[in-house]
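Every chain is numbered from 1, with letters handed out A, B, ... down the list of sequences. All of these numbers come straight from a predicted model, not from anything done at the bench.
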Number of protein chains: 2
Amino acid sequence: MKDKVEDKKTALLQAALKLFTEKGFHGTSTAQISKEAGVATGTLFNYFPTKEDLINGLYFDVKGKLSRGMSKDVDSQNTFQDKFRKMWYNLIEWGLNNQEDFRFVNQFCSSPYITDYTREVVMEEYVFYHDLVMEGIASGEFGDYPEGMIISMFYQSSRTIVDFILYSEPHDKNKAIEDGFQIIWEGLAKK
Amino acid sequence: MKDKVEDKKTALLQAALKLFTEKGFHGTSTAQISKEAGVATGTLFNYFPTKEDLINGLYFDVKGKLSRGMSKDVDSQNTFQDKFRKMWYNLIEWGLNNQEDFRFVNQFCSSPYITDYTREVVMEEYVFYHDLVMEGIASGEFGDYPEGMIISMFYQSSRTIVDFILYSEPHDKNKAIEDGFQIIWEGLAKK
DNA sequence: TCTAGAATTGACTAAATAGTCATTCATACA
DNA sequence: TGTATGAATGACTATTTAGTCAATTCTAGA
């Protein structure tokens with residue numbers, strides 16, 4: 001049955017997510033992943049021929065979810081600043097609601113186990129984001145900074161704020177999110 | 001002889017730095033580290049009883065160097081902004097000139113292999129930095145943001161700019177550094 | 001030069017690893 | 001009900017791992 005097949009694959013991905021994030025790629029054995037997923041050791045290799053295939057599949061999966069979470073309702077915003085604010089809030093909320101996924105992506109985004117091919121395929125889902133930044137530069141909303149710098153600063157700032165909220169546990173979470181947006185927007189906007 | 005002892009210890013730390021950064025903690029065997037350092041497998045365990053002691057020693061070492069690099073000549077600056085600009089430039093230059101060290105610190109700063117004790121001891125070297133940020137908040141140079149948020153945003157931005165320079169290879173490195181400072185300063189400063 | 005103590009060595013071990021494969025099991029259809 | 005197909009299993013293997021330790025080499029002072 002199709003559902004059961006997907007069940008086991010999903011269970012394996014979920015187990016891998018948890019363990020890779022917690023103990024790293026080499027720190028997690030395939031036996032542990034199988035056990036956590038509740039399947040036999042051989043089953044893992046039915047779905048993912050090698051351990052590297054597993055982490056690449058997982059990376060693709062999680063990056064896709066992040067992309068969809070980030071872009072939600074952005075189009076329906078009126079001003080450019082509102083589009084970016086919406087994206088900011090989406091990103092932070094997604095990070096807070098999907099902590100393991102967020103940590104996984106950030107931990108493995110520059111890992112040698114993720115192949116160039118995986119990176120390429122994943123990149124396609126972020127074209128809308130690049131386009132939006134280009135638009136902001138062209139229309140003079142942003143200061144005269146390179147596209148790649150704006151993108152990295154924005155994304156890394158979201159990581160920083162998510163970590164800040166999780167680690168420092170501020171009494172007013174929403175203020176922390178808005179503070180973060182103020183900092184990055186004031187930093188990047190044209191003066 | 002004292003020098004030779006230090007030689008081997010240094011060689012081991014250097015080898016571990018290179019390999020841990022490249023292949024991760026579990027991805028690097030103690031045998032590889034010994035080989036890279038040009039010593040026997042047993043020698044590693046003379047200096048560091050366990051592999052975890054090795055990475056903790058390394059973390060302590062590198063964090064100390066980073067702290068000293070960051071704070072150089074900051075005291076002799078006149079204005080508050082100049083102190084922060086100096087620290088920004090120090091940080092970026094140190095990151096560019098010590099890429100492996102920088103990558104290592106950033107990769108392992110939230111790793112489970114680094115003990116709470118190591119973190120505590122390391123923290124002591126960053127008191128001056130915390131004090132400076134507190135001073136900036138008190139004197140109204142910074143906007144009304146939590147101390148921890150300012151510290152994280154500043155440091156993570158430096159990571160972002162170092163990575164941007166290394167990965168995007170902009171034609172004008174110095175403009176990228178100053179751009180980065182503008183972004184983070186405009187973001188954090190009181191309006 | 002001789003020697004005591006420390007540093008260095010690398011063969012060794014018990015445990016763990018990624019991946020295999022012959023066997024068993026579940027399902028869907030005739 | 002009988003059976004054919006593919007999924008699931010877990011014992012197994014060849015290799016690799018962190019760490020040990022008895023033997024060797026080096027060093028500094030007498």
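For D:dA7, the OP1/OP2 oxygens have no side-chain nitrogen or oxygen of A:Y47 closer than 4.0 Å.
Both cation-pi conditions hold for B:K63 and B:Y126: the charged atom is under 6.0 angstrom from the six-membered ring centre and inside a 45 degree cone around its axis.
Residues forming a side chain to side chain contact (heavy atoms under 4.5 Å, CB included) with B:D101 (at least two apart in sequence, or on another chain): B:L17, B:V62, B:K65, B:W94, B:N98. Qualifying salt bridge (Lys or Arg N to Asp or Glu O under 4.0 Å) partners for A:D61, counting only residues two or more places apart in sequence or in other chains: none. Applying the ring-ring contact (aromatic ring centres under 6.0 Å, His included) test to B:F102 and every residue at least two apart in sequence or in another chain returns nothing. Shown here are the salt bridge (Lys or Arg N to Asp or Glu O under 4.0 Å) partners of B:K23, two or more places apart in sequence or in another chain: there are none.
At whole-Å resolution of the value, CG in B:D7 and P in C:dT8 are 10 Å apart. Going from atom NZ of B:K8 over to atom P of D:dT25 covers 15 Å, rounded to whole Å. The separation between A:H26 atom NE2 and C:dA16 atom P is 18 Å, rounded to whole Å. The distance between atom NZ of A:K9 and atom P of D:dA8, rounded to the nearest whole Å, is 12 Å. The interatomic distance linking B:L12 (CG) with C:dT8 (P) rounds to 10 Å, in whole Å. Between A:Y113 atom OH and C:dA18 atom C1' there is a gap of 14 Å when expressed in whole angstrom units.
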Compile the donor-acceptor pairs under 3.5 Å between side chains in residues 81-88 of chain A and protein atoms, sequence neighbours left out, one pair per line.
from  : atom 1 : to     : atom 2 : distance (Å)
A:D82 : OD2    : A:T79  : OG1    : 3.3
A:R85 : NH2    : A:E178 : OE2    : 3.1
A:W88 : NE1    : A:I177 : O      : 3.0

In residues 141-150 of chain A, what donor-acceptor pairs under 3.5 Å come from side-chain atoms, sequence neighbours left out?
from   : atom 1 : to     : atom 2 : distance (Å)
A:E147 : OE2    : A:H130 : ND1    : 2.9

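Side-chain N/O atoms of B:D53 and B:T50 include a donor and acceptor closer than 3.5 Å.
Taking every heavy atom of residues 33-46 of chain B and every atom of DNA chain C, pairs under 4.0 Å involve B:V39, B:A40, B:T41, B:G42, B:T43, B:N46, by number. Contacts between residues 50-59 of chain A and DNA chain C, defined by a heavy-atom separation below 4.0 Å, involve A:T50, A:K51, listed by number.
Side-chain proximity of B:S29 to the nucleotides D:dA18, C:dT8, C:dA18 is greatest for D:dA18.
Counting only residues at least two apart or on different chains, the side chain to side chain donor-acceptor pair (under 3.5 Å) pairs with a member in residues 25-36 of chain B are B:K18-B:E36, B:H26-B:Y113, B:S29-B:Q32.
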